[in-house]
Amino acid sequence: MAERNLDFDQYVNRYGTRSVKFDFPEYFGKPGDVLPMWVADMDFKTSSYIVDALNEALSFGVYGYSEGLDGYWEALKGWMKRRHDWDVEKEWLVKTPGIVFAISQAVRAFTNEGDRVIIQTPVYYPFAKTVMQNGRKVVRNSLVFKDNHYEIDFDDFEKKIKDNDVKLFILCSPHNPVGRVWTEDELRRLGEICIRNGVIVVSDEIHADFAMERKHTVFARLGEEFLNNSVICTAPSKTFNLAGLQVSNIFIANEKLREAYVKEYRSTGYDEISLPALVACEAAYTHGDEWLDGALKYIKGNADYTRKYLEDNLPKIKLVKQEGLYLLWLDFRALGLKDEEINDRLINGAKLWFDEGKMFGTEGEGFQRINVACPRSTLIKALENLKKEFA
Ligand SMILES: Cc1ncc(COP(=O)(O)O)c(C=O)c1O
């Protein structure tokens with residue numbers, strides 16, 4: 001059997017499919033006729049191996065309580081080794097219905113109310129939300145924008161940790177939205193600061209499979225001390241467009257940390273991930289390589305197309321250097337407009353629905369995030385609309 005879903009140019013009509021991205025603009029206060037390029041899922045059909053495996057499991061007609069068989073573990077272990085050169089052990093694994101859920105459990109398990117958690121802004125906004133919703137406080141280590149890319153201010157990171165007696169660090173690696181694939185050296189420096197100061201690291205590596213500029217480094221691979229001081233959050237959901245199935249695999253090698261985590265997780269009353277989640281994850285990690293390689297190539301083509309289009313047609317809107325992800329970070333600041341005006345003109349003039357940069361932290365003012373996991377024809381339409389409005 002061969003992979004059948006490699007035509008990424010194919011337009012897939014997602015309207016009327018219960019899609020959060022397409023079917024609910026009014027709910028999010030947007031007009032109904034905007035082109036949605038916001039939330040991070042793809043407009044591609046996933047691997048045909050996943051579709052076939054789901055069809056087979058769902059046509060069976062019995063959907064009782066389910067658990068992964070050996071194939072689930074073998075697939076997961078094989079993927080981590082093959083794609084990330086990481087040897088995982090079975091007892092480290094905790095399966096959860098998503099990464100945000102997993103991060104929330106980590107916050108509850110490893111900190112007390114009022115404790116401080118550090119994040120690197122601008123960053124995926126549910127990090128701050130999750131910390132605050134659990135009654136903890138957010139400490140921000142702002143990333144530094146320099147030469148059209150972002151860097152870490154390590155001195156500020158350590159100072160903020162010390163000054164605020166920070167207990168937990170939520171690392172975004174690779175980083176959403178700024179598109180950095182952190183180098184081994186950067187990760188090591190962050191990890192060493194955390195070890196020195198007794199800060200546990202929750203490493204959200206959901207975008208790991210989209211590292212393009214360099215190989216992704218799993219935080220726990222940096223050495224024994226790093227492995228024992230971290231919670232590694234992985235998932236097939238971004239990689240294979242399975243967000244609606246809610247599946248993630250969390251690895252915690254340190255037994256003490258794992259026990260505390262599992263205790264917290266159990267206290268929610270949640271037990272096992274769903275049957276479709278188990279089936280899809282196993283099929284993805286067993287047979288999904290060819291599909292992912294095709295998707296990566298296509299997305300890279302979209303990013304390159306966007307860069308060139310902007311340079312040629314809209315030189316005041318700059319694509320920040322992107323090292324990975326299917327989310328691009330656009331710098332609108334040279335237009336000299338206020339965010340409110342940019343947002344208004346994007347939505348009502350260009351009819352485009354991006355994610356405004358401010359959502360990710362005040363450092364995101366003047367920026368917009370755009371999702372380019374779509375057919376080239378959709379991207380071209382979006383860029384043409386952008387040109388009509390802003391050129
Ligand atoms: C960095 C990051 N973490 C987590 C998520 C969401 O994960 P989940 O749907 O498994 O909660 C996203 C989705 O965009 C993300 O970008």
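Counting convention: from 1, in listed order, for ligands and their atoms alike.
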Handout entry: Nearest-0.5 Å distance, CD of residue Glu56 to CG of residue Leu54
Key = 10.5 Å
Practice task
Using protein heavy atoms only, decide if any is under 4.0 Å from atom 9 (O) of ligand 1.
Solution key: no
Completion exercise
Checking Trp329, Trp182, Tyr150, Tyr124 against His175 for ring pair (Phe, Tyr, Trp, His ring centres under 6.0 Å), the one that qualifies is Trp182
Handout entry: Close-contact set for ligand 1 against Cys172 heavy atoms, below 4.0 Å
Key = 1 (C)
Handout entry: Gap separating the CG atom of Asp33 from the CG atom of Asn348, nearest 0.5 angstrom
Key = 8.5 Å
Exercise for the section: Flag Val100 as yes when one of its N or O atoms lies below 3.5 Å from any N or O atom of ligand 1, and as no otherwise. Expected result: yes
Exercise for the section: Just say parallel, tilted or perpendicular for the rings of Tyr270 and Tyr265, cut-offs at 30° and 60°. Expected result: tilted
Practice task
Output the distance between atom NZ (Lys77) and atom CG (Asn249), rounded to the nearest 0.5 Å.
Solution key: 14.5 Å
Fill in the blank from the handout: Quick look: Lys238 vs ligand 1, heavy-atom contacts under 4.0 Å, and the answer is side chain
Practice task
Considering only non-hydrogen protein atoms, determine which one is nearest to atom 6 (C) of ligand 1 and report residue, atom name and distance to 0.1 Å.
Solution key: Tyr124 OH, 3.2 Å
Exercise for the section: Name the option, out of Asp41, Asp204, Ile99, that contains the heavy atom nearest to atom 3 (N) of ligand 1. Expected result: Asp204
Handout entry: Numbered atoms and elements of ligand 1 in range of Asn176, under 4.0 angstrom, heavy atoms
Key = 15 (C), 16 (O)
Practice task
Please confirm whether the backbone N or O of Cys374 pairs with a side-chain atom of Asn302, one donor and one acceptor, at under 3.5 Å?
Solution key: yes
Completion exercise
For His207, the atoms of ligand 1 under 4.0 Å from one of its heavy atoms are 1 (C), 15 (C), 16 (O)
Practice task
Name the closest protein heavy atom to atom 7 (O) of ligand 1, giving the residue it belongs to and the distance to 0.1 Å.
Solution key: Ile206 CD1, 3.4 Å
Handout entry: Proximity to ligand 1 by part of Pro126, non-hydrogen separation under 4.0 Å
Key = neither
Fill in the blank from the handout: A student checking ligand 1 against Ala40 at a 4.0 Å heavy-atom cut-off should list atoms 14 (O)
Handout entry: side chain to side chain contact (heavy atoms under 4.5 Å, CB included), paired with Cys194, selected from Phe219, Phe157, Phe226
Key = Phe157
Practice task
May I ask whether Val202 and Val100 are part of the same hydrophobic cluster, defined by side-chain heavy atoms of I, L, V, M, F, W, Y residues being less than 4.5 angstrom apart, directly or through others?
Solution key: yes
